[in-house]
A.B. asks: 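Below: one structure in structure tokens.
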2 protein chains.
Amino acid sequence: MLFVVDPHSGVPIFRQLMEQAKLAVAGGRLSPGDPLPSVRSLALSLGVNPMTVSKAYNLLEREGVLARRPGLPLVVADIAPDELGARRLGELERLLGPVADQIRELGVDPDDAVALLRRLLTGTEDA
Amino acid sequence: MLFVVDPHSGVPIFRQLMEQAKLAVAGGRLSPGDPLPSVRSLALSLGVNPMTVSKAYNLLEREGVLARRPGLPLVVADIAPDELGARRLGELERLLGPVADQIRELGVDPDDAVALLRRLLTGTEDA
DNA sequence: TATACTGTATAGGTTGACTAATACACCAAT
DNA sequence: ATTGGTGTATTAGTCAACCTATACAGTATA
């Protein structure tokens, strides 16, 4: 199953779906042209309302991640390879932006924060 | 005037107050032992409800920024800089852990991610 | 004790984000 | 044209965050 949601996580369901779709595309688990699960089937398997899935799909289409074909399933948008790299960087920035804000708010030394991230990414894998 | 709030900024008033108090402490404009404006006087000068100020003060006390003395004004907490730094690093690790997982999921080069975080932390700030 | 400060517990009102229910428009295939 | 599939506009309901009003508890000082 490509999508998993937790209704009690505090994160809106449609955002969880958008997040997972973006990561799947950026990470290569979904390629341009691949069809997505239909609104109804995905809603049924996740136990949520079809409109919630539709909202996520619609926003992803506006962001250029998905392509719409009226009356047919949505597919992953056709993206040039260089743009994929740029998109990956953009995704990374979207991840790190809010984190950087919080780090600044914490008043932590930037060098310490950067060193910690490097340790987490290259060092031992922790829970 | 140490505190200024904008009710229309979208940022909750009590968070604006917390932010400014933390920055004042970190920046040395408030030192350990210094008293804060009373809940009522600050609320009056800002045109907000006293409970809103009290909420900010209360949260700051829980975070260890302020110290409570029943019946008397709150003062800036007396905390060893080392302890404060350690506590912040702990919070930072909880913050960066899940982010590191997602970065790995993206398949981004760790060096790129680390470099981006450094740029975000040392570069320009946002509105 | 009276008074005038300090902060706060409790409850209610307002607002906005999120989700859901219904009915609809579109396309393909029979 | 009918059936079964796609996504969606509209409307209504739910829920949590935020701010506020009121009344209260503790402490210092005269």
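Below, chain A is the first sequence line, B the second, and so on; all start at residue 1.
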A.B. asks: Within the 4.5 Å heavy-atom criterion, are A:L116 and B:L92 side-chain neighbours or not?
C.D. replies: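 A:L116 vs B:L92: side chains touch.
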A.B. asks: Looking at every non-hydrogen atom in both residues, tell me the closest pair between B:K55 and B:F14 and how far apart they are.
C.D. replies: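 Taking every non-hydrogen atom into account, NZ-CE2, 3.9 Å.
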A.B. asks: Answer yes if B:L95 and A:L95 sit in the same cluster of Ile, Leu, Val, Met, Phe, Trp and Tyr residues linked by side chain heavy atoms under 4.5 Å apart, and no otherwise.
C.D. replies: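 Result: yes, single cluster for both.
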A.B. asks: Give the B/S/- string for nucleotides 21-30 of chain D, one per nucleotide from 5' to 3', where a protein heavy atom under 4.0 Å of the base yields B, of only the sugar-phosphate yields S, and otherwise -.
C.D. replies: B--B-BSS--
A.B. asks: What integer distance in Å separates A:L59:CG from C:dT19:P?
C.D. replies: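 Spelled out: CG on A:L59 to P on C:dT19 is 11 Å.
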A.B. asks: Checking the side chain of B:S54 only, and the main-chain atoms of B:P50 only, is there a donor and an acceptor separated by less than 3.5 Å?
C.D. replies: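 Judged by distance alone, no pair lies under 3.5 Å.
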A.B. asks: Could you tell me how far apart B:L17 (CG) and C:dG7 (C1') are, to the nearest whole angstrom?
C.D. replies: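 Rounded to whole Å, this separation is 15 Å.
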A.B. asks: Mapping A:P37 and B:V11 onto DNA chain D by nearest heavy atom, which one lands closer to the 5' end?
C.D. replies: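 Nearer the 5' end of the strand: A:P37.
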A.B. asks: Output the rounded distance in Å from CG (A:D6) to P (C:dC18).
C.D. replies: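 It is 16 Å, rounded to the nearest whole Å.
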A.B. asks: With a cut-off of less than 4.0 Å, is there a side-chain N or O of A:S38 near OP1 or OP2 of D:dT6?
C.D. replies: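 So the side-chain polar atoms of A:S38 do come within 4.0 Å of the phosphate oxygens OP1 or OP2 of D:dT6, strictly under.
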A.B. asks: Is there a donor-acceptor pair under 3.5 Å between the side chain of B:Q16 and the backbone N or O of B:D6?
C.D. replies: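 Yes: the side chain of B:Q16 pairs with the backbone of B:D6.
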A.B. asks: Using a 4.0 Å heavy-atom cut-off to protein, can you give one letter per nucleotide of nucleotides 12-18 of chain D, 5' to 3': B if the base is in contact, S if only the sugar-phosphate is, - if neither?
C.D. replies: ------S
A.B. asks: Round to a whole Å and report the spacing from CG of B:L42 to C1' of C:dG7.
C.D. replies: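 The answer, rounded to whole Å, is 13 Å.
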A.B. asks: Please check if the number of heavy atoms outside A:R94 that lie under 6.0 Å from its CZ is greater than 12.
C.D. replies: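 More than 12 heavy atoms, drawn from other residues, nucleotides or ligands, come within 6.0 Å of this atom.
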A.B. asks: Please report, rounded to the nearest Å, how far the C1' atom of C:dC26 is from the CG atom of A:L74.
C.D. replies: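 Taking CG of A:L74 and C1' of C:dC26, I get 13 Å after rounding.
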A.B. asks: Got a donor-acceptor contact below 3.5 angstrom from the B:S38 side chain to the B:S41 backbone?
C.D. replies: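 Between the backbone of B:S41 and the side chain of B:S38 there is a qualifying donor-acceptor contact (under 3.5 Å).
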A.B. asks: Checking B:R69 side chain against B:P73 main chain: does a donor-acceptor pair fall under 3.5 Å?
C.D. replies: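 The answer is yes, because a donor-acceptor pair under 3.5 Å joins these two groups.
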A.B. asks: Can you name the nearest heavy-atom pair linking B:Y57 to B:L66, along with the distance?
C.D. replies: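 Result for this residue pair: O-CD1, 3.9 Å.
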A.B. asks: CD of B:E61 versus P of C:dA9: gap in Å, rounded?
C.D. replies: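 After rounding, the gap between these two atoms is 11 Å.
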A.B. asks: Write down the distance between CZ (B:R69) and P (C:dC5), rounded to a whole number of angstrom.
C.D. replies: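 The distance from CZ of B:R69 to P of C:dC5 comes to 17 Å, rounded to the nearest Å.
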A.B. asks: Can you measure B:L46 atom CG to D:dC19 atom P for me and round it to whole angstrom units?
C.D. replies: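 In whole Å, D:dC19 P and B:L46 CG are 12 Å from each other.
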A.B. asks: Check every atom of D:dG7, C:dG7, C:dA20 against the side chain of A:T52 and return the nucleotide holding the closest atom.
C.D. replies: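 Nucleotide nearest to A:T52's side chain: C:dA20.
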